[in-house]
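Because only heavy atoms are used, hydrogens play no part in the values below, and waters and symmetry mates are left out as well, while side chains stay in. What you see is a predicted model; the values in this text were computed from it and never measured. Proteins come first, then strands; the chains are lettered A, B, ... in the order of their sequence lines, and each starts at number 1.
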Amino acid sequence: MDSNQLFKIKKGKAFQDVVPASQKNNIVAAQLNGRLYDLSETSPEEGNIELISIGSREGEKILLHSAAHLLANAIVELYPDALPNTSNEGEDTFYYDFNMQPISIEDFPVIEKKMEEISHKNLKIEKKILPKLKLLEEFSGNKYKQDKINENVKDGSESSMYIQGNYKEFCRGPHVPSTGFVKVFKLLSISSTNYGGDVNKERMIRIYGTAFPDRKMLREFLQRREEAMKRDHRKIGQEMDLFTFDNERAPGMPFYAPNGAVIRNELINYMKELNAKSGWEEVWTAHAFKDIIWKQSGHYYKYKDDMFLFTLPNGDSYGLKPMNCPGHIAIFQRNIYSYRDMPIKYSEAGTVYRYEKSGEMGGLTRPRGFTIDDGHGFVREDQIFDETVSLLKIIPSIFKTIMGTDEITYDLSVMDKEHPENYLMSYKCSSCGEKFMLRAASQEFKCPNCGSTDLEADFTMWDNATENLRNALDSLGLKYTEYPGEAAFYGPKIDVHIKDALGRQWQLSTIQIDFFMPGNFDLYYIDSSDKKVRPVIIHRAIYGSYERFIAILLEHFNGKLPLWLTPIQAYVIPVSENYNNYARSINQKLIENGIRSKVDISDGTISKKIKLIRPMRPAYIIVVGEKESSSNSVSVRNRNDKTREYGLDEFVSVVLNEIKNKDIGQAF
RNA sequence: GCCAUCGUAGCUCAGCAGGUAGAGUGGUUGAUUCGUAAUCAACAGGUCGCGAGUUCAAAUCUCGCCGAUGGCUCCA
């Protein structure tokens, strides 16, 4: 990526006059005091400006943005009835929403041709400042633009409009100086959306595209895209024979075939190990509960449309668990606890069922039944810090071990103190002194004891929990971003994101503080002065869900999982029938050593067998014939198609070591 | 739930101006006994997602349903 260059500018001078002649085709905008300007604008003050090159991060964004406008320009020329709404830019792509007749990707060539045409004309992109009323007039035929103007421009004030040829756009800018700057672009896909993202409003057509400074970058982008497609976990899952879906009889429910069950079980076992080390005790809870528990937990009222609910012939109403916490709470409630017993920490590979709407499902990433590495810690308020630290210590090491990545980011979601009514808060009644909890936005705002509405909010619990999460992050020196207003209504939380091999961010782990459930279930422990005290629940998941995590791992590793997770660790092929027995004995020896091995004594050539087994991504393919059988050795082929000879015992120990160390790469 | 596209053999896909299905691969059997990405041959495999309609005739056209994919919304 290009770096931007610094220049001095005087007040009132046009930015474009500062651009060196040799750079005219490369510079798209200027930045002064953190604000971006079009090159055609004049500087409001004297200062140092940064010239934004088309290849820089900001430049790319401007390019994508301008490409979106180029698309809209082409669309209105080709489809005069089309009403452009709004555009947006992502990492490498842009989209533009239109209210227009349905089109398909078959129309792309024509649209792209029109875009090219406009680009070739190299129309100047001009900025015009107009008063609000004038702007509304300019866009009188487009209610979307008018809405946008009304939303963004105060009455009596002014804003900018951009003009390229006959096309005008209400926009803040900046843009590239002329349409000719957008010369390498491609339309990618089409989808639909609703105006303002509101399902009740009219449907819009969203067209996605991309643009780059040069052809090479576009080509690379398309290759990366294709690679990501090839790595789709559904495709890899089929090639490796990991799982299947029975769309007719159990839509949205993943079924693990033996190979997939291996991966799942290895991950579960690893989590069990980690839980044991950090004091999270394994429990097990049932899958079906009478609906009273979901009514008590509050899930019923909020999520009943998204739950699997059923009534038996005798009238009993049940629901499949959409969450594991009530089950863990039920276990917690079997006993009475002293403050000395706390924390009580339960964990379970807990399968939950959520009736995701038909369009919301997707492979393993969004199934209707999935298993969470769920944990619920029942803790004293003063234990939040320690428990959070302990989780935050373990989480990065887990992902380092499994995925080999250090690229982890942390989000701290806290309450929006301007709007305490959105959260479950402690209140003290000013007239009777009663203390209680209440979520003002969804409950009647009055004292449950005397009915007074003179209530005093008490932020202590929230402040304390938030401070503990913050301190936990700080004490480990972890960088994090704080998001006010993003907390759940029942408590603050920390989310952990991992970047995969394709550069995508995934939210995996979560640590949530919950003040709500303990109240719903009237949980308590006995403190040192013999009083009942409400514990706080810490919800935690590290992988998130096994299904989603497996999908992420498959795409991250392109199916070539670390050996300990690999379903077929060794695949033995004899050179001919004459060596079937030797091949069998190798296979047997590997299996006896706990290595997942298979032997292929079917009729066929080695080449063919290798060809057919490769998509299954066995870690090591072992070919044996005369040479090996006479020297008790194996010829081993790794996933990079390199081969190497090993004595049998040596190979076994190499493999066992690789498994034990959970190595990311192969032994050779 | 909404919009778009799609649903043909275990898998990948062809057939769709309407005339009741075809390839490759996998499977089985036989021949071959083979040194690291497809040995040869024969055979078996499908009520063309489900249901209705139009028609003498539907995989093909129409409608409804069920599913899948990409988005939107949602994601405790």
Side-chain angles (χ1 to χ4, degrees), chain A residues 95 97 102-106 188-208 229 232 234-235 238-239 241 244-252 294 297-307 321-326 352 354-363 365-368 370 372 374 488-491 493 507 510 512 514 516-517 539 541 544-545 548 571 573-580 600-615 620-629 635-638 641-645:
Chain A
Y95 66 72
D97 292 349
I103 56 166
S104 79
I105 51 169
E106 264 136 57
L188 298 171
S189 64
I190 238 165
S191 72
S192 95
T193 176
N194 296 81
Y195 181 45
D198 181 343
V199 286
N200 298 312
K201 297 217 171 114
E202 64 266 39
R203 286 183 302 281
M204 314 285 286
I205 299 219
R206 176 170 291 182
I207 301 175
Y208 284 86
M229 235 122 78
D232 187 305
R234 285 165 295 209
K235 190 170 180 304
Q238 191 177 58
E239 288 168 355
D241 196 23
T244 185
F245 285 87
D246 187 334
N247 296 325
E248 300 297 321
R249 296 176 294 187
W294 310 119
S297 70
H299 293 116
Y300 186 88
Y301 303 101
K302 196 156 182 216
Y303 297 109
K304 95 172 127 75
D305 291 343
D306 304 313
M307 284 178 67
K321 61 173 166 181
M323 289 282 286
N324 294 305
C325 24
V352 298
R354 299 177 182 179
Y355 187 80
E356 303 289 353
K357 302 282 178 287
S358 56
E360 290 160 356
M361 289 190 287
T365 43
R366 198 72 191 276
R368 281 188 178 146
F370 59 96
I372 307 172
D374 216 349
F489 77 87
Y490 50 78
K493 62 172 179 178
Q507 194 219 297
T510 177
Q512 304 190 4
D514 182 356
F516 186 55
M517 285 295 152
H539 301 252
S545 95
R548 202 170 79 107
Y571 194 80
I573 302 174
V575 157
S576 80
E577 217 173 297
N578 301 331
Y579 306 99
N580 278 359
D600 183 350
I601 49 166
S602 67
D603 197 12
T605 60
I606 304 169
S607 296
K608 182 166 181 177
K609 288 177 182 177
I610 289 177
K611 165 94 182 172
L612 293 177
I613 196 64
R614 278 179 105 261
Y620 295 110
I621 295 174
I622 297 167
V623 175
V624 294
E626 177 56 35
K627 201 170 67 183
E628 291 77 14
S629 65
S635 166
V636 182
R637 173 183 174 132
N638 72 8
D641 305 315
K642 292 210 178 75
T643 55
R644 226 203 106 148
E645 299 291 319

Engineer: Protein within reach of the bases, or only the backbone? For nucleotides 71-76 of chain B, mark each nucleotide 5' to 3' as B, S or -, using heavy atoms under 4.0 Å.
Structural biologist: BBBBBB
Engineer: Starting from P on B/rC3, measure out to CG on A/Asp97 and report it in whole angstrom.
Structural biologist: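 To the nearest whole Å, that distance equals 17 Å.
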Engineer: Pull out every stem in RNA chain B, meaning runs of 3 or more consecutive Watson-Crick or G-U wobble pairs with both distances under 3.5 Å.
Structural biologist: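 So far as stems of 3 or more pairs are concerned, RNA chain B shows B:1-7 with B:66-72, B:10-13 with B:22-25, B:27-31 with B:39-43, B:49-53 with B:61-65.
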Engineer: For A/Asp232 and A/Asn247, take the nucleotide of RNA chain B holding the closest heavy atom to each; which residue's nucleotide lies nearer the 5' end?
Structural biologist: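 The residue mapped nearer the 5' terminus is A/Asn247.
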Engineer: Which is true for A/Glu628 with a 4.0 Å heavy-atom rule: it touches a base, it touches only sugar-phosphate, or it touches nothing?
Structural biologist: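 Since a base atom lies under 4.0 Å of A/Glu628, the category is base.
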Engineer: Hey, does the side chain of A/Glu628 reach the backbone of A/Gly625 with a donor-acceptor pair shorter than 3.5 angstrom?
Structural biologist: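 Judged by distance alone, yes, a pair lies under 3.5 Å.
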Engineer: Between the base of B/rG10 and the side chain of A/Gln238, is there a donor and acceptor pair under 3.5 angstrom?
Structural biologist: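 Counting by modelled atom types and ignoring angles, no donor-acceptor contact under 3.5 Å is found here.
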Engineer: Using a 4.5 Å cut-off on heavy atoms from C-beta on, say whether the side chain of A/Ser629 contacts that of A/Val624.
Structural biologist: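 Contact flag for A/Val624/A/Ser629 side chains = no.
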Engineer: Is there side-chain contact between A/Lys627 and A/Ser635, with at least one heavy-atom pair below 4.5 Å?
Structural biologist: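 Not touching, per the 4.5 Å side-chain cut-off.
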Engineer: Want to settle it: does A/Lys627 or A/Gly362 sit nearer the 5' end of RNA chain B, counting the closest nucleotide to each?
Structural biologist: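 Upstream on the strand: A/Lys627.
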Engineer: When the ring planes of A/Phe516 and A/Phe489 are compared, do they come out parallel, tilted or perpendicular, using 30° and 60° as the limits?
Structural biologist: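 If you compare the ring of A/Phe516 with that of A/Phe489, the planes turn out perpendicular.
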Engineer: Once you apply a heavy-atom cut-off of 4.0 Å, does A/Met204 come out as touching a base, just sugar-phosphate, or nothing?
Structural biologist: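 The answer is nothing, as A/Met204 stays clear of every strand by at least 4.0 Å.
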Engineer: Looking only at heavy atoms, which two atoms of A/Asp305 and A/Lys357 are closest? And how far apart?
Structural biologist: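 A/Asp305 and A/Lys357 have their closest heavy atoms at O-NZ, 3.6 Å.
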Engineer: For the side chain of A/Lys611, counting heavy atoms from C-beta on, which of B/rC66, B/rA37, B/rU36 is nearest?
Structural biologist: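 Per side-chain heavy atoms of A/Lys611, the pick is B/rA37.
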Engineer: Which whole number of Å gives the distance between the P atom of B/rC56 and that of B/rG45?
Structural biologist: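 B/rC56 and B/rG45 have their P atoms separated by 34 Å.
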Engineer: From CG of A/Asp246 over to C1' of B/rA68, roughly how many Å is that when rounded to an integer?
Structural biologist: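 Taking atom C1' of B/rA68 as the reference, CG of A/Asp246 is at 13 Å.
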Engineer: By the rule that syn is within 90° of 0, classify the base conformation of B/rG7 as syn or anti.
Structural biologist: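 Glycosidic conformation of B/rG7: anti.
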Engineer: Given B/rU32, B/rC2, B/rG1, which nucleotide is nearest the side-chain atoms of A/Asp603?
Structural biologist: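 The closest nucleotide is B/rU32.
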Engineer: For B/rA52, is chi within 90° of 0 (syn) or not (anti)?
Structural biologist: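 That one's anti.
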Engineer: What about A/Lys608, does its side chain sit under 3.5 Å from the base of B/rA38 through a donor-acceptor pair?
Structural biologist: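 Side chain to base: no pair present.
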Engineer: Would a 4.5 Å heavy-atom cut-off, applied to side chains only, mark A/Ile621 and A/Ile610 as touching?
Structural biologist: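 Yes, at least one pair of side-chain atoms sits under 4.5 Å.
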Engineer: Checking all strands, does A/Gly298 fall into the base, sugar-phosphate, or nothing category for heavy-atom contacts under 4.0 angstrom?
Structural biologist: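 Counting heavy atoms under 4.0 Å across all strands, no contact is made by A/Gly298.
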Engineer: Give the nucleotide from the list B/rC2, B/rU36, B/rA68 with an atom nearest to the side chain of A/Arg203.
Structural biologist: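 The answer is B/rC2.
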Engineer: Are any side-chain N or O atoms of A/Lys609 and backbone N or O atoms of A/Ser602, one a donor and one an acceptor, separated by less than 3.5 Å?
Structural biologist: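 Confirmed, A/Lys609 side chain pairs with A/Ser602 backbone.
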Engineer: So how far is it from A/Asn638 CG to A/Thr643 OG1, rounded to the nearest 0.5 Å?
Structural biologist: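 Going from CG on A/Asn638 over to OG1 on A/Thr643, the span is 8.5 Å.
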Engineer: Looking at A/Arg354 and A/Pro322, would you say the former's side chain and the latter's main chain have a donor-acceptor pair under 3.5 Å?
Structural biologist: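 Side chain of A/Arg354 to backbone of A/Pro322, a donor-acceptor pair under 3.5 Å: yes, one is there.
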Engineer: Would you give the length of the straight line joining atom CD of A/Gln512 to atom CE of A/Met517, rounded to the nearest 0.5 angstrom?
Structural biologist: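 These two atoms lie 11.0 Å from each other.
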Engineer: Hey, does A/Ser607 reach any base, or is it just sugar-phosphate, or nothing, if we go heavy atoms under 4.0 Å?
Structural biologist: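 Here A/Ser607 touches the backbone only, sparing every base.
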Engineer: Mind checking if A/Lys609 touches a base, just sugar-phosphate, or nothing, with heavy atoms under 4.0 Å?
Structural biologist: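 The residue A/Lys609 makes no contact with any strand.
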Engineer: Within the 4.0 Å heavy-atom criterion, would you say A/Arg637 contacts the bases, only the backbone, or no part of the nucleic acid?
Structural biologist: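 Base, at least one base heavy atom under 4.0 Å.
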